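The block underneath contains the structure these notes are about, expressed in structure tokens.
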Amino acid sequence: MLYEGAVQDLIDELGRLPGIGPKSAQRVAFHLLQVDADEANRLATAITTVKETVRFCARCFNISEAEECQVCRDTRRDPTVLCVVEEPRDLIAIERTREYRGRYHVLGGAISPIDGVGPDDLHVRELIARLDDEGVQEVILATNPNVEGEATASYLSRLVQPLGVAVTRLASGLPVGGDLDYADEVTLARSFTGRRAVD
Amino acid sequence: MANYREQGIVLRTHKLGETDRILTLFTQGRGKVRAVAKGVRRPGSRFGGRLEPFSHVDLLLYEGRSLDVVTQAELLASHAEVRTDWARSAAAGVLAELVDHVGVEGDRDNHLFLLLRAGLQSLDAGPPDTGVFIDAFLLRVTAAVGFRVETTRCASCGLPGPHPFLSVVAGGTLCSDCAPSGTRAVASGVVERLDLLAGDAWSPLVALADDDTARVAASYARAFAEHHLDRRLKSYPLSERQAIA
């Protein structure tokens with residue numbers, strides 16, 4: 001048996017969210033029925049506000065509430081280094097390290113031939129335009145270390161290197177706090193090729 | 001719920017939840033298998049690096065209700081060169097898409113498995129032209145499921161050849177009587193090339209020239225595979241072949 005109108009609509013909508021199945025949707029819906037109207041309104045307003053105010057940065061395609069995102073507006077950032085990431089989430093992950101002081105470029109995904117996603121579906125053309133306009137001297141390829149990310153990095157380096165801009169790739173290797181004998185062959189082999197002198 | 005051990009090649013992966021992936025594998029003994037690999041997207045995962053697309057792995061799985069679950073993975077060949085090079089990665093994408101399309105879950109097809117493995121090995125060896133391997137793979141997989149391109153006789157009346165007319169729908173060469181009027185004859189090199197592409201050996205393919213003959217044979221191979229397998233290949237337009245086809 002289905003619930004009446006509004007409750008069932010809410011369950012259906014919640015069920016569309018990633019990671020929420022029919023049972024979880026039902027649980028969340030009943031939770032929302034029990035809470036104060038204020039609390040439910042806050043959630044509703046948060047959802048509508050985010051859809052109204054948040055857009056993509058005109059320069060780097062990070063999410064932003066203004067024409068340009070916080071990072072692009074920050075004049076203390078080094079404009080000669082550009083870090084290329086797949087998604088805005090990756091940008092946040094790098095920001096959390098507090099190691100990087102350059103700017104970013106968000107591709108909006110990775111090249112995946114098997115899914116029919118090619119370079120034209122990503123913000124590649126905009127990246128090439130930025131290299132010249134902003135006097136970029138180094139491009140750091142920070143795409144994921146999986147097949148799609150590697151293919152994207154290989155494609156971009158073939159495109160960017162002839163323009164006389166240095167291209168670097170994030171290192172791959174052993175995770176901090178990990179055990180050597182549990183590392184898989186691919187990762188361990190990569191950490192050997194990428195080893196460096198001890199200071 | 002039983003455990004089983006199986007050799008397979010990862011065709012593609014989908015994200016599942018926060019840190020898991022669903023793998024589509026083509027295995028030697030059970031055909032296509034869909035399995036969950038838990039925690040592989042976490043850095044420091046025990047077998048994350050082994051279960052990337054195009055990896056050839058020895059797996060221990062247990063049978064789940066809808067999806068099997070990977071419990072151990074040993075790497076047999078990572079085909080790492082294929083993964084780090086854009087052109088080869090795109091070519092391997094065509095191979096994987098094709099096997100994903102023709103492979104059947106639970107249906108053993110050792111010939112198809114060996115074809116896929118040989119195709120990936122050839123790409124891993126770093127050929128100067130990846131396109132020729134795509135052409136060969138298209139024709140060989142189509143042959144493996146029952147549609148071999150006919151090059152020695154007329155595909156319609158059986159008259160011994162070679163014949164200079166080609167038809168995708170008829171399935172190979174046609175004699176002058178069977179070819180529809182207005183069909184243009186192709187250069188003799190094209191039929192010879194198709195014969196080689198559809199054959200069994202991979203090593204002679206490296207030496208094949210990349211000329212007009214190659215272009216005609218490539219577009220025929222694509223049309224032949226797409227017609228007989230009833231599938232538009234999404235990955236094909238992103239491969240190097242597209243530049244010339």
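Bear in mind the structure is a predicted one, so any value in this text is a computation, not a measurement. Chain A is the first sequence line, chain B the second, and so forth, proteins listed ahead of strands; every chain is numbered from 1.
For B:Arg5, the CZ atom sits in a loose shell: 12 or fewer heavy atoms of surrounding residues, nucleotides or ligands are nearer than 6.0 Å. Around CD1 of A:Ile63, the count of heavy atoms belonging to other residues, nucleotides or ligands within 6.0 Å does not exceed 12. A 6.0 Å sphere centred on CD of A:Gln161 holds more than 12 heavy atoms belonging to other residues, nucleotides or ligands. Annotation: A:Glu99, atom CD; neighbour count of heavy atoms from other residues, nucleotides and ligands within 6.0 Å does not exceed 12.
Taking CZ of A:Arg169 as the start and OG1 of B:Thr84 as the end, the distance is 10.0 Å to the nearest 0.5 Å. Atom CD of A:Glu185 is separated from atom CG of B:Leu76 by 9.0 Å, given to the nearest 0.5 angstrom.
Only the side chain of A:Ile111 comes within contact range of chain B, judged by heavy atoms closer than 4.5 Å. Within the 4.5 angstrom heavy-atom criterion, no atom of B:Ala80 approaches chain A. Neither the backbone nor the side chain of B:Leu233 comes within contact range of chain A; no heavy atom of the residue lies under 4.5 Å from a heavy atom of that chain. Contact of B:Arg232 with chain A is not made at all, since no heavy-atom distance falls under 4.5 Å. For A:Asp120, no part lies under 4.5 angstrom from a heavy atom of chain B.
Between A:Asp115 and B:Arg12, some side-chain heavy-atom pair lies under the 4.5 Å cut-off. Taking 4.5 Å as the limit, every side-chain heavy atom of A:Asn146 sits out of range of all side-chain heavy atoms of B:Pro53.
Shown here for A:Ser154 and B:Trp86, the closest heavy-atom pair between the two residues is OG-N, 2.6 Å. Heavy-atom minimum distance, B:Ser89 versus A:Pro113: O-CG, 4.4 Å. The two residues A:Gly116 and B:Leu238 make their nearest non-hydrogen contact at C-CD1, 3.9 Å. Scanning both residues, A:Val186 and B:Leu75, for their nearest heavy atoms gives CG2-CD2, 3.6 Å. Across all their heavy atoms, A:Val147 and B:Glu52 have their closest contact at N-OE1, 2.7 Å.
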